[in-house]
**Student:** 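Sharing a structure with you now.
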Amino acid sequence: MFNGLPWSSRVPVGKKTSVNEGGAQLKVSPGPAGECILELSGRLDAYTIGPLWPRAGRMLEDHVDTPVRVDLAAVDYCDGAGVALLLDLLRQTRAPGAEVALVNVPTKVAQLLEPFDARALSGTPEARRAPGLGRRLGDGVHDLGRDLYNHVVFVGEAAAALAHGLAHPSRVRWKDALRIAQEAGVNALPIVALIAFLMGVILAFQSAVAMKQFGAEIFVANLVALSLFRELGPLMTAILLAGRSASAFAAEIGTMKVNEELNALTTMGLDPVRFLVVTRVMAAVIIAPLLTIFADLVGLMGGAMVMMTFDVPLVAFMNQVSQAVSPGDFLGGLFKATVFGLVIAGVGCLRGLETRTGASAVGISTTRAVVSAIILIVVLDGLFAVIFFHLGI
Amino acid sequence: MQPDSQSPPPIIQVRDLTLGFGGTPLLAHLSFDIAPGEIFVILGGSGCGKSTLLKHMIGLYEPMAGEVVIGGEVFTGTEGQARRDILRRFGVMYQMGALFGSMTLLENVRLPLEEFTDLPDEAMDLVARLKLQLVGLAGFEQHMPAEISGGMQKRAAIARAMALDPDILFLDEPSAGLDPITSAELDQLILRLSRILGITFVVVTHELPSIFTIADRVIMLDKETRGILAQGDPAHLRDHSEHPWVRRFFNREATEAS
């Protein structure tokens with residue numbers, strides 16, 4: 001017995017899903033006492049009653065002052081969707097004396113109808129109402145305040161944990177930090193190399209074409225080297241690190257939070273910030289400047305290659321670079337990269353720790369991590385430009 | 001109402017099924033039938049392959065040998081529309097519910113209706129509401145899964161599994177992680193759905209109170225022999241099984257559970 005009807009009455013498996021095949025029929029006819037007879041027949045299931053449902057509703061609207069008898073004598077099969085149709089007909093608001101009634105109800109259909117009360121279904125469940133403008137504004141300000149508070153708390157906790165880690169290096173989980181450094185640093189080398197090389201090529205080529213008109217191709221080396229060492233090297237590396245690693249940190253810690261692994265750490269007496277954040281921040285602070293040095297060198301190679309096609313020898317290019325770039329340019333870029341690494345890892349971990357429940361929360365955290373990290377990198381880069389200018393670096 | 005007063009053909013047939021991972025069989029040469037409308041429980045100690053067998057029965061894994069037949073159609077290895085047709089014959093409740101966290105309960109139950117039927121929008125709402133009402137979740141339609149308890153999530157998962165009125169419901173550890181009262185309520189829900197809708201249930205569990213409440217028939221899997229140690233009515237197995245281990249399994253835990 002299946003869904004209230006015997007096995008023999010069911011259509012074969014392969015045909016069950018065919019919409020309207022051997023489907024439900026709806027016939028309307030006048031009854032002997034002036035009532036309206038709505039005769040349903042065939043299979044009443046989720047696949048067959050779709051077209052029939054609105055027709056039945058319209059028929060009730062057309063006969064709003066007439067009693068309606070829904071005759072089910074010829075129904076072969078009825079499942080939950082068929083029951084829903086019958087209940088929908090029964091729950092309609094009607095004029096007094098013009099009620100809808102079911103007649104010739106097969107026993108099995110009656111059993112399926114038994115748990116439900118059509119009158120109780122007359123209302124629709126209250127949908128989640130969108131909050132008003134005032135409420136949304138209030139919620140927005142509240143969320144902003146809470147986020148700021150959480151950020152301050154996080155920065156404080158992370159700074160304390162980092163200071164503790166530096167004071168007690170043996171307590172830092174270096175094995176984890178190295179694993180993260182490998183994932184975020186070594187495994188990022190190909191993409192960093194590709195982007196840096198192309199950046200050096202594009203930068204050199206675009207400027208060389210213009211400079212050639214003035215016979216000043218050699219100064220392309222100054223332009224490429226200074227741009228890479230001071231700005232583009234640290235900036236592009238940081239953006240790549242944000243895309244690859246801030247997202248990874250947020251997703252990993254977010255998933256751990258959803259799986260209650262963070263709760264497990266807390267109840268074991270382990271501080272999640274020390275356990276998870278310190279290792280990631282330390283790894284990022286180490287690898288960001290190293291990746292930047294790598295990006296600078298590969299970018300220079302790209303620039304040198306282009307300049308060789310403009311008949312500038314490699315030796316001349318490198319001499320020009322060594323004259324143009326001061327240690328301050330190089331070290332300033334590395335300092336920026338270190339700060340970017342700190343920010344990227346911190347933001348990634350913070351967004352991960354902020355993850356709420358559910359699979360979508362991890363996606364939201366990951367997106368927020370990347371967006372926040374990139375915005376912070378660009379803002380910080382602007383600040384560094386002003387500070388370096390005033391410091392004469 | 002069985003045709004010609006003969007027993008109806010089995011709705012699920014497991015034929016000579018061998019399953020495992022990495023070439024090592026976990027269970028070998030399993031064969032059993034499940035009758036329509038039956039509440040069939042798969043039992044066994046931890047790690048014996050209960051859930052793995054269930055996952056093979058619902059087509060998530062390919063067996064090493066043998067086949068699963070559902071409603072007379074071979075399911076194992078079937079592809080395309082024929083497979084999709086068989087998939088719609090059953091619903092599955094996973095151990096943790098597996099509700100979609102970004103959707104309300106109503107939207108979770110509506111999803112299969114939206115994808116596979118051409119019901120009008122309001123009709124889909126009504127069908128989904130009736131399913132939720134049937135599992136005792138009327139009034140929770142607009143709740144998100146994270147806002148309700150574990151037991152309610154499992155009931156909502158059953159409602160979603162029933163959205164297209166399947167003939168068979170597979171339940172993986174329905175009582176896991178639930179308190180005894182909630183677990184007993186879930187058992188009553190299974191019995192009620194079986195009685196009202198005639199659904200065939202295939203349940204993986206090792207909760208003895210549940211087994212004695214709901215099971216028409218059980219099979220007990222054995223890790224050592226990689227096969228079926230015993231099958232039949234649980235009360236009969238408890239008292240009369242020829243395997244001492246089976247009697248001990250039922251009696252000892254039944255005593256503790258009661």
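Below, chains carry the letters A, B, ... as their sequence lines are ordered, and counting in each starts from 1.
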**Student:** Does OH in Y61(B) sit with more than 12 non-hydrogen atoms of other residues, nucleotides or ligands closer than 6.0 Å?
**Tutor:** no
**Student:** Specify the closest pair of heavy atoms between A46(A) and L164(B), including all atoms of both residues, with the distance to one decimal.
**Tutor:** CB-CD2, 4.5 Å
**Student:** Is there a side-chain contact between R129(B) and F116(A) in this structure, where contact means two heavy atoms from C-beta onward sitting under 4.5 Å apart?
**Tutor:** no
**Student:** Rounded to the nearest 0.5 Å, what's the gap from CE on M103(B) to OG on S360(A)? Could you check?
**Tutor:** 10.0 Å
**Student:** Who pairs with D216(B) by salt bridge (Lys or Arg N to Asp or Glu O under 4.0 Å), at least two apart in sequence or on another chain?
**Tutor:** none
**Student:** Which atoms form the tightest heavy-atom contact between P51(A) and D118(B), and what is the distance?
**Tutor:** CD-OD2, 3.9 Å
**Student:** Measure across L119(B) and I49(A) and return the closest heavy-atom pair with its distance rounded to 0.1 Å.
**Tutor:** CD2-CG1, 3.5 Å
**Student:** If only atom types and distance count, is the side chain of D165(B) paired as donor or acceptor with the main-chain N or O of G80(A) below 3.5 Å?
**Tutor:** yes
**Student:** Rounded to the nearest 0.5 Å, what separation is found between the CD1 atom of I196(B) and the CD atom of Q111(A)?
**Tutor:** 9.0 Å
**Student:** Check P120(B) against G50(A) and note the closest heavy-atom contact, atom names and distance.
**Tutor:** CD-O, 3.7 Å
**Student:** Determine whether more than 12 heavy atoms belonging to other residues, nucleotides or ligands lie under 6.0 Å from atom CZ of R192(B).
**Tutor:** yes
**Student:** Considering residues, nucleotides and ligands other than L60(B), do more than 12 of their heavy atoms fall under 6.0 Å from its CG?
**Tutor:** yes
**Student:** Assess whether atom CD of E122(B) is packed by more than 12 heavy atoms of other residues, nucleotides or ligands within 6.0 Å.
**Tutor:** no
**Student:** Might you point out which heavy atoms bring L126(B) and R91(A) nearest each other, and give the distance in Å?
**Tutor:** CD1-NH1, 3.8 Å
**Student:** If you count heavy-atom pairs under 4.5 Å between each of L99(B), D125(B), L134(B), L193(B) and chain A, which one has the most?
**Tutor:** L134(B)
**Student:** With sequence neighbours left out, what residues match D139(A) under salt bridge (Lys or Arg N to Asp or Glu O under 4.0 Å)?
**Tutor:** R135(A)
**Student:** To the nearest 0.5 Å, how far apart are CG in D79(A) and CG in D167(B)?
**Tutor:** 10.0 Å
